[in-house]
Amino acid sequence: MNIGDVSRKSGLPAKTIRYYEDIGLVTPPRSENGYRAFRETELHKLAFLGRARELGFTIEDCRTLLALYEDDGRESSQVKRVAQDHLHKIDEKIGQLQSMRGTLAHLIDECAGDHRPDCPILEDLAGEQS
């Protein structure tokens, strides 16, 4: 399969596939004339990577998970640890977003939103206390 076929079948843009190739996540063989000759193996890896990225795993996490997937001697505890670390990062981000949301909601409530120039939102961004 060529990269266009793989892009259509995997749902990943060709640019992403080339990037994954550049960083060594997939290594399709090359034909005699230098064209990529993707096989089902690479298509399967790309689907794996696409799903992992949908779940928010970083490229390095994807590299680790792919290596574990291909390792018949892996222990599920290794995979679970990667997923738990990722979940912890998601929980931290949710906490940060909830804090941001609370602060922003408060500032919006404090802003009259009328013709007057004073605005608690701008004052907060400028570090001014009202």
Cluster overlap Leu87 with Val82, hydrophobic side-chain contacts below 4.5 Å: no
Euclidean distance, His86 NE2 relative to Leu55 CG, rounded to 0.5 Å: 6.5 Å
Check: Asp61/Thr58 side-chain N/O donor and acceptor closer than 3.5 Å: yes
Heavy-atom closest pair, residues Glu123 and Asp118: OE2-CB, 4.2 Å
Rounded distance [0.5 Å steps], CE in Met1 versus OG in Ser10: 9.5 Å
Heavy atoms of other groups near Arg101 CZ, more than 12 under 6.0 Å: no
Sequence neighbours excluded and cut-off under 3.5 Å, please list the side-chain donor-acceptor pairs for residues 44-51, or say none.
from: His44; atom 1: NE2; to: Tyr69; atom 2: OH; distance (Å): 2.9
from: Lys45; atom 1: NZ; to: Glu70; atom 2: OE2; distance (Å): 3.1
from: Arg51; atom 1: NH1; to: Glu54; atom 2: OE1; distance (Å): 3.2

Distance (rounded to the nearest 0.5 Å) between Arg18 CZ and Lys15 NZ: 9.5 Å
Shortest non-hydrogen separation from Cys62 to Ala52 and the atoms involved: SG-CB, 3.7 Å
Atom pair CD1/OG of Ile94 and Ser99 - distance to nearest 0.5 Å: 13.5 Å
Distance-only donor-acceptor check, side chains His88 and Gln84, under 3.5 Å: no
hydrophobic_cluster_shared for Ile59 and Ile90, side chain cutoff 4.5 Å: no
Main-chain N/O of Leu12 paired with Thr16 side-chain donor or acceptor, under 3.5 Å: no
Side-chain touch Glu21/Ile3, heavy atoms, less than 4.5 angstrom: no
Partners passing side chain to side chain contact (heavy atoms under 4.5 Å, CB included) against Asp71 (at least two apart in sequence or in another chain): Arg74
Heavy-atom pair with the smallest gap, counting every atom of Asn2 and Asp5: OD1-N, 2.8 Å
Minimum heavy-atom distance Arg53-Phe57, with the two atoms named: NH1-O, 2.6 Å
Considering all heavy atoms, the nearest Ala112-Arg116 contact: CB-NH2, 2.9 Å
Test item: Val26 and Tyr19 side chains (from C-beta on) under 4.5 Å apart, heavy atoms: no
Rounded distance (nearest 0.5 Å) linking atom CD1 of Ile17 with atom CD of Glu42: 11.0 Å
Rounded distance (nearest 0.5 Å) linking atom CG of Asp85 with atom NZ of Lys80: 12.5 Å
All side chain to side chain contact (heavy atoms under 4.5 Å, CB included) counterparts of Ile121, not counting sequence neighbours: Leu107, Ile108, Cys111, Cys119, Leu125
Heavy-atom closest pair, residues Gly24 and Thr27: O-CG2, 4.4 Å
